[in-house]
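What follows is one structure encoded as structure tokens, with my remarks underneath.
In the text below, chain A, chain B and the rest are named by the order of the sequence lines, each starting its count at 1. Not measured: the values here are computed from a predicted model.
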There are 2 protein chains.
Amino acid sequence: MTTAEKILAKALEMFNEKGIEYVGLRELAAVLNIRVGNITYYFPTKDDLVNALSLALNKLNSEVVVANEEMTVAAFLNMLKQVFHHHVQYRCLLLSFVHLIEQNKVISERYKQTASDRNSAIESNIKALVKSAYLKVKDETDVEYLTSSLSLIIRFWISEAAVSHSRLSVEAQIRHYLSMIAKLLSAYATAKGKKEIEGFVAGL
Amino acid sequence: MTTAEKILAKALEMFNEKGIEYVGLRELAAVLNIRVGNITYYFPTKDDLVNALSLALNKLNSEVVVANEEMTVAAFLNMLKQVFHHHVQYRCLLLSFVHLIEQNKVISERYKQTASDRNSAIESNIKALVKSAYLKVKDETDVEYLTSSLSLIIRFWISEAAVSHSRLSVEAQIRHYLSMIAKLLSAYATAKGKKEIEGFVAGL
DNA sequence: ACATACATTTGGACAATGTCCAAATTAATT
DNA sequence: AATTAATTTGGACATTGTCCAAATGTATGT
């Protein structure tokens, strides 16, 4: 494990525990038994460090989030479940999400791309689910509504969990928000779709 | 206007513009043409300053958010519209929401109360809307789902707007998220309810 | 009008933070 | 073994929120 990797791993651990802005570089250095300058050698600014973590999360998610013509509701929900677990691994990023976007230009620029990619992935998956008769929609506004709602939940579920459901275990939190998404889709599901959704929820 | 009031007003203005953590007390003092110590005389810590702003927002909202047996869907949606406008006025607080809760004990404690109050207000309003045949639900889980979804949207709409829809005007942002809520309720609305919701959306 | 008590404002100190850099050390290459 | 490059160190710097003693201003009672 290189020094850079050690720094990244411990930073993620401590950031997740205390929050990015409440872990000082000196504290991080002390835990790693290195000096502050050594951190800034690999990551000139704290933003660069955070940015590296953000890249790692992005990579993880892009391996899982795909647009698939043959998508089933269950597969779609399982995809979101994986994304949720990645969010837990990198929770510090999502909890500081708004600030990072406002302050960190690199993250902000990349996020625009990621968000747009993810939105179209969600949208085409929903359309695929409609085509294969898992969902049925009246018109395009239904698809837009589902996409917007899913984006909002996916992006902020962990923030709401942190402020409102911190007493619950992480697993229970994930169950709660996945159930919410399941219920959201249910309203637009065919009988076939409803059955699969019920199966997914039962297996949570 | 007392010094304390001047500080609060200018702080809100600058916090909204640049974000709470990016406005230093020295910068604030300079704009007000007073010295830093003068700010800390009225607000010993920056958290106290933020806390005072949070109290003001709370007051504003508590005057508007009520549980009403005679609630109509339109009245309910207009209530949320008002809340959204308050959120815009105090956007800095909502954009730093997660951090404030994690760091500021006073805000965090009060938030628990506020959140619980708001949740029950939403819940009893939804039940009232069911009773007066604007909405119809299968069982209690539908009510819970609606309450949870509404809470999430109300709490994080402005954060999502900041990172994803900053190109839109504030009015357009509000329209977008109110439409989303309208659509959410639509799925559970009776014919009577749907008609009122359509009227509300048309008037946005 | 004056003295006393209280409220407000000032100016500067303090520790902690992220950033930066010259020098020292270690590793790799010739 | 000598030279070059990569890594690590230790300390400086400006900025932040916080704190406090002294100075100034304001009101009250005599």
Side-chain angles (χ1 to χ4, degrees), chain A residues 1-55 92-93 95-96 98-108, chain B residues 1-55 92-93 95-96 98-108:
Chain A
M1 215 182 191
T2 68
T3 306
E5 286 168 343
K6 275 188 235 166
I7 293 171
L8 278 175
K10 188 58 80 178
L12 179 59
E13 185 188 324
M14 295 175 72
F15 287 172
N16 277 340
E17 216 166 291
K18 302 182 51 178
I20 296 174
E21 30 285 284
Y22 309 121
V23 177
L25 293 183
R26 282 163 185 79
E27 189 189 350
L28 176 57
V31 170
L32 288 165
N33 194 32
I34 59 177
R35 260 39 59 188
V36 183
N38 204 0
I39 296 180
T40 68
Y41 173 72
Y42 292 100
F43 306 99
T45 71
K46 199 179 179 182
D47 269 357
D48 290 320
L49 181 51
V50 172
N51 188 40
L53 293 174
S54 156
L55 258 176
C92 61
L93 294 175
L95 293 179
S96 299
V98 185
H99 287 100
L100 293 178
I101 296 291
E102 281 177 345
Q103 186 198 21
N104 186 321
K105 207 143 182 100
V106 183
I107 289 191
S108 146
Chain B
M1 214 182 192
T2 68
T3 305
E5 286 168 342
K6 275 187 233 167
I7 293 171
L8 278 176
K10 188 56 84 178
L12 178 59
E13 186 189 324
M14 295 175 72
F15 287 173
N16 277 341
E17 217 166 291
K18 303 182 49 179
I20 295 174
E21 31 285 285
Y22 308 122
V23 177
L25 293 183
R26 283 163 185 82
E27 190 189 348
L28 176 57
V31 171
L32 288 165
N33 195 30
I34 59 178
R35 259 39 60 189
V36 182
N38 202 0
I39 296 180
T40 68
Y41 173 72
Y42 292 100
F43 306 99
T45 72
K46 199 178 177 183
D47 268 358
D48 289 320
L49 180 51
V50 171
N51 189 40
L53 293 175
S54 155
L55 259 176
C92 61
L93 294 175
L95 293 179
S96 299
V98 184
H99 287 100
L100 294 178
I101 296 292
E102 280 177 344
Q103 186 197 21
N104 185 320
K105 209 145 181 97
V106 184
I107 289 191
S108 145

Notebook entry, point to check: For nucleotides 23-28 of chain D, read 5' to 3', which letter fits each nucleotide if B means a protein heavy atom sits under 4.0 Å from the base, S means only the sugar-phosphate is that close, and - means neither?
Noted result: ------

Item checked: Partners meeting salt bridge (Lys or Arg N to Asp or Glu O under 4.0 Å) with A/Lys105 (sequence neighbours left out) ->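 For A/Lys105 there are no salt bridge (Lys or Arg N to Asp or Glu O under 4.0 Å) partners, ignoring immediate neighbours.
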
Margin query: Test side-chain contact (heavy atoms from CB on, under 4.5 Å) on B/Lys18 and B/Glu27; report intermediate values, then the result.
Written below: CA-CA 12 Å; B/Lys18 303 182 49 179; B/Glu27 190 189 348; 3.0 Å; yes

Verify the contact: side-chain N or O of [X] to OP1 or OP2 of [N], cut-off strictly under 4.0 Å; return yes or no.
{"X": "B/Thr3", "N": "C/dT8", "value": "no"}
{"X": "A/Thr40", "N": "C/dG18", "value": "no"}
{"X": "B/Tyr41", "N": "C/dT9", "value": "no"}

Drop me the distance from [X]'s [atom1] to [Y]'s [atom2], to the nearest 0.5 angstrom.
{"X": "A/Asn104", "Y": "A/Ser96", "atom1": "CG", "atom2": "OG", "result": "11.5 Å"}
{"X": "B/Leu25", "Y": "B/Ile39", "atom1": "CG", "atom2": "CD1", "result": "5.5 Å"}
{"X": "A/Ile7", "Y": "A/Thr3", "atom1": "CD1", "atom2": "OG1", "result": "6.5 Å"}
{"X": "A/Glu17", "Y": "A/Leu12", "atom1": "CD", "atom2": "CG", "result": "11.0 Å"}
{"X": "B/Cys92", "Y": "B/Asn16", "atom1": "SG", "atom2": "CG", "result": "4.5 Å"}

Note to self: Distance check needed: C/dG18 C1' versus A/Ile39 CD1, whole Å only.
What the structure shows: 11 Å

Note to self: Tell me the interatomic distance from A/Gln103, atom CD, to C/dT17, atom C1', rounded to whole angstroms.
What the structure shows: 13 Å

Note to self: Can you pull out the residues from residues 43-53 of chain B that lie within a 4.0 Å heavy-atom distance of DNA chain D?
What the structure shows: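 Here the set is B/Thr45, B/Lys46.
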
Checklist line | Close approaches to DNA chain D from residues 19-38 of chain A, in residue order (heavy atom, under 4.0 Å) | finding: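 Of all residues in residues 19-38 of chain A, the ones placing a heavy atom under 4.0 Å from DNA chain D are A/Arg26, A/Ile34, A/Arg35, A/Gly37, A/Asn38.
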
Next item on the list: Evaluate the side-chain contact (heavy atoms from CB on, under 4.5 Å) criterion for residues B/Ile34 and B/Lys6: first the C-alpha distance (whole Å), next the side-chain angles of each, then the deciding distance (0.1 Å), finally the verdict.
Entry: CA-CA 11 Å; B/Ile34 59 178; B/Lys6 275 187 233 167; over 6 Å; no

Item checked: Contact summary for A/Met1 and A/Glu5, nearest pair of heavy atoms -> CA-OE1, 3.4 Å

Note to self: side-chain contact (heavy atoms from CB on, under 4.5 Å) for B/His99 and B/Ile20? Distances and angles first, verdict last.
What the structure shows: CA-CA 11 Å; B/His99 287 100; B/Ile20 295 174; over 6 Å; no

Listing time: all N or O pairs from protein to nucleotides 24-26 of chain C that are below 3.5 Å?
none

Item checked: Residue pairs passing the side-chain hydrogen bond (donor to acceptor under 3.5 Å, both in side chains) test where at least one lies in residues 38-55 of chain A, sequence neighbours excluded ->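 Qualifying pairs: A/Thr45-A/Asp48, A/Asn51-A/Arg110, A/Ser54-A/Arg110.
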
